[in-house]
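One structure below.
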Amino acid sequence: MEKIAVIGAGTMGNGIAHVFAQNGYKVQLIDLNENALERGIATISKNLDRMLAKEKISEVDKQNTLDNIATYTDLESGVKQVDLVVEAASEKLEIKLDIFKKLDAFCKPDAILATNTSSISITQIASVTSRPSQVIGMHFMNPVPIMQLVEIIRGYSTSDETTKQIMELSKKLGKTPTEVNDYPGFVANRILMPMINEAIESLHYGVAGVVEIDTVMKLGMAHPMGPLQLADFIGLDVCLSILQVMYDGFKNPKYAPSPLLVNMVTAGKLGVKSKEGFYDYSENTKAETVSNQFK
């Protein structure tokens with residue numbers, strides 16, 4: 001594999017593009033929004049500057065990485081002749097199905113189509129293509145340049161050859177790929193999201209406050225970040241979406257999202273991205289001040 005297309009220039013998309021480009025792959029970063037592409041490249045450059053300051057890369061490495069990335073606002077032009085597409089668009093089923101229908105038509109026959117989805121069925125996504133054996137999940141963790149894990153999700157029809165290629169490719173990126181099967185939430189979010197949801201329920205029922213809940217999990221369970229701070233970092237809307245996918249998929253009430261989470265998302269309190277969630281981020285993103293509604 002030499003040419004990689006990444007769809008979506010947001011947090012995950014620009015991180016994925018960064019990692020591929022830094023490892024010598026030619027990356028075609030695609031987003032319908034030109035401003036999103038500009039922000040994505042600016043973020044990559046900023047992250048490379050951090051690495052440069054820590055002497056993890058050289059100025060030449062930085063420039064080579066940026067030179068390896070080309071941007072596109074047209075999907076068809078951006079995916080022509082690529083060996084792999086990694087879709088990192090919005091976590092909405094209808095959007096992903098529409099993208100994969102188009103990818104199936106626009107990409108060369110032997111191209112592998114991957115999705116960075118954190119919960120949506122790979123089998124369902126693959127079903128709208130004529131190449132389900134070449135559709136797979138590549139669930140990178142945020143922040144992509146730093147986190148080692150890539151959750152590799154096999155759909156019902158994903159071939160052994162496709163899986164092998166993506167596992168090997170992930171290792172070439174310096175990541176640790178872990179193969180899992182296609183069930184709602186996969187492994188990472190099937191375990192993580194119920195924990196976050198239970199933390200929100202504990203807050204909702206007055207078991208403890210925001211800081212107290214996060215402190216218990218950080219100091220008692222050696223988690224680097226408390227579940228409420230982590231939820232803010234992920235995005236409360238994303239957490240809600242994943243829980244809804246699992247609840248719909250399993251029909252088990254233990255995956256039902258907390259009413260507090262639902263209300264916060266409805267009110268636009270989404271965490272870091274909206275500058276308020278369980279913490280107030282109007283001054284910085286360090287989760288130093290609890291949101292007024294929880295004081």
Side-chain angles (χ1 to χ4, degrees), residues 1 3-31 36 39-41 43-44 46-48 50-51 65 68-69 82-92 95-96 99-100 103 112-122 125 135-155 158 162-182 184-193 196 224-225 230-231 233-235 238-239 241-242 245 272-273:
M1 290 189 182
K3 281 189 176 181
I4 313 294
V6 178
I7 300 174
T11 300
M12 295 306 295
N14 71 60
I16 294 166
H18 173 162
V19 169
F20 273 107
Q22 191 177 333
N23 283 277
Y25 293 91
K26 295 297 182 183
V27 179
Q28 300 183 178
L29 181 59
I30 307 161
D31 200 297
R39 289 193 300 270
I41 295 297
T43 298
I44 294 170
K46 184 178 176 181
N47 289 336
L48 288 168
R50 286 200 188 101
M51 298 176 75
T65 299
N68 280 336
I69 304 173
V82 298
D83 304 303
L84 168 70
V85 179
V86 182
E87 171 272 319
S90 299
E91 191 72 351
K92 296 183 185 301
I95 291 175
K96 293 189 186 296
I99 288 172
F100 273 78
L103 291 178
I112 292 175
L113 310 182
T115 173
N116 182 59
T117 182
S118 55
S119 61
I120 296 172
S121 168
I122 307 304
I125 291 172
V135 177
I136 195 166
M138 285 188 83
H139 180 206
F140 289 85
M141 304 294 132
N142 185 27
V144 181
I146 296 171
M147 299 293 279
Q148 289 298 301
L149 177 68
V150 183
E151 200 174 22
I152 307 299
I153 305 102
R154 292 186 65 144
T158 306
T162 295
T163 304
K164 180 181 176 183
Q165 284 184 268
I166 296 303
M167 293 285 283
E168 290 176 352
L169 176 64
S170 299
K171 291 175 185 176
K172 289 178 182 177
L173 297 177
K175 303 298 185 184
T176 301
T178 302
E179 182 182 336
V180 304
N181 290 317
D182 187 21
F186 315 134
V187 170
N189 283 317
R190 184 169 180 172
I191 295 170
L192 175 63
M193 286 302 154
I196 287 176
M225 189 183 294
L230 179 57
F233 182 72
I234 294 168
V238 176
C239 293
S241 175
I242 294 169
V245 167
V272 175
K273 69 176 76 175

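This chain uses plain numbering: 1 for the first residue, then up along the sequence.
Scored by the side chain to side chain contact (heavy atoms under 4.5 Å, CB included) test, Glu179 finds Arg154, Thr163, Met167 as partners (sequence neighbours excluded). In terms of the salt bridge (charged side-chain N to carboxylate O under 4.0 Å, His left out) criterion, residue partners of Glu91 (sequence neighbours excluded) are, by chain and number, Lys96. For Gln28, the side-chain hydrogen bond (donor to acceptor under 3.5 Å, both in side chains) test picks out no residue, with sequence neighbours left out. Judged as a side-chain hydrogen bond (donor to acceptor under 3.5 Å, both in side chains), and not counting sequence neighbours, the contacts of Thr162 are Ser159. For Arg39, there are no side-chain hydrogen bond (donor to acceptor under 3.5 Å, both in side chains) partners at least two apart in sequence or on another chain. With sequence neighbours left out, the ring pair (Phe, Tyr, Trp, His ring centres under 6.0 Å) criterion links Phe186 to no other residue. Applying the side-chain hydrogen bond (donor to acceptor under 3.5 Å, both in side chains) test to Asp83 and every residue at least two apart in sequence or in another chain returns Lys108. Residues satisfying the ring pair (Phe, Tyr, Trp, His ring centres under 6.0 Å) criterion with Phe233, sequence neighbours excluded, are absent altogether.
With a 4.5 Å cut-off on side-chain heavy atoms, Met51 and Thr65 do not count as touching. Using a 4.5 Å cut-off on side-chain heavy atoms (C-beta onward), Cys239 and Met193 make contact. Within the 4.5 Å cutoff, side-chain heavy atoms of Ile122 are placed close to those of Thr115. Gln22 is listed as a side-chain neighbour of Leu48, based on a closest heavy-atom distance under 4.5 Å. Residues Leu230 and Leu192 have side chains in contact (heavy-atom distance under 4.5 Å, counting atoms from C-beta outward).
Under a 3.5 Å cut-off, the side chain of Asp31 and the backbone N or O of Ala9 do form a donor-acceptor pair. Without hydrogens or angle criteria, Thr158 side chain to Val135 main chain gives a donor-acceptor distance under 3.5 Å. Between the Glu151 side chain and the Val187 main chain, a donor and an acceptor come within less than 3.5 Å of each other. A donor-acceptor pair under 3.5 Å links the side-chain atoms of Asn189 to the main chain of Ser118, judged by distance alone.
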Next item on the list: Check the pair Met1 / Ile112 against side-chain contact (heavy atoms from CB on, under 4.5 Å), numbers first and verdict last.
Entry: CA-CA 10 Å; Met1 290 189 182; Ile112 292 175; 3.4 Å; yes

Check: Given the rule in the side-chain contact (heavy atoms from CB on, under 4.5 Å) test, do Ile99 and Val85 qualify, once you have shown the distances and angles that lead to the verdict?
Finding: CA-CA 11 Å; Ile99 288 172; Val85 179; over 6 Å; no

Next item on the list: Test Asn68 against Lys26 for side-chain contact (heavy atoms from CB on, under 4.5 Å), laying out the working first.
Entry: CA-CA 5 Å; Asn68 280 336; Lys26 295 297 182 183; 3.0 Å; yes

Next item on the list: Carefully, step by step, assess Phe20 and Val86 under the rule side-chain contact (heavy atoms from CB on, under 4.5 Å).
Entry: CA-CA 11 Å; Phe20 273 107; Val86 182; 4.2 Å; yes

Show me the donor-acceptor pairs within less than 3.5 Å that the side chains of residues 169-178 make with the rest of the protein, sequence neighbours left out.
| from | atom 1 | to | atom 2 | distance (Å) |
| --- | --- | --- | --- | --- |
| Ser170 | OG | Ile166 | O | 2.8 |
| Lys175 | NZ | Val144 | O | 2.5 |
| Lys175 | NZ | Met147 | O | 2.7 |

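Residue Val27 comes nearest to Ala21 through the heavy atom pair CG2-N, 3.7 Å, listed as atom of the first residue, atom of the second, then distance. Nearest heavy-atom pair, Gly13 versus Val6, reported as atom, atom and distance to 0.1 Å: O-CG1, 3.5 Å. Smallest separation of non-hydrogen atoms from Leu29 and Ala17: CD1-CB, 4.1 Å. Shortest non-hydrogen contact noted between Ser121 and Asp182 is OG-OD2, 3.1 Å. Minimum interatomic distance between Gly235 and Lys273 (heavy atoms only, all atoms of both residues): CA-CE, 4.0 Å. Smallest separation of non-hydrogen atoms from Asn23 and Val19: ND2-O, 2.7 Å.
Rounding to the nearest 0.5 Å places CZ of Phe140 at 7.0 Å from CD1 of Ile152. To the nearest 0.5 angstrom, Met141 atom CE is 14.5 Å from Ile146 atom CD1. Atom CD1 of Ile16 sits about 4.0 Å away from atom CG of Asn116, to the nearest 0.5 Å. Distance check: Ile153 CD1 to Asn181 CG gives 10.0 Å after rounding to the nearest 0.5 Å.
Within the structure, side-chain hydrogen bond (donor to acceptor under 3.5 Å, both in side chains) pairs that include any residue of residues 3-14 do not occur (at least two apart or interchain).
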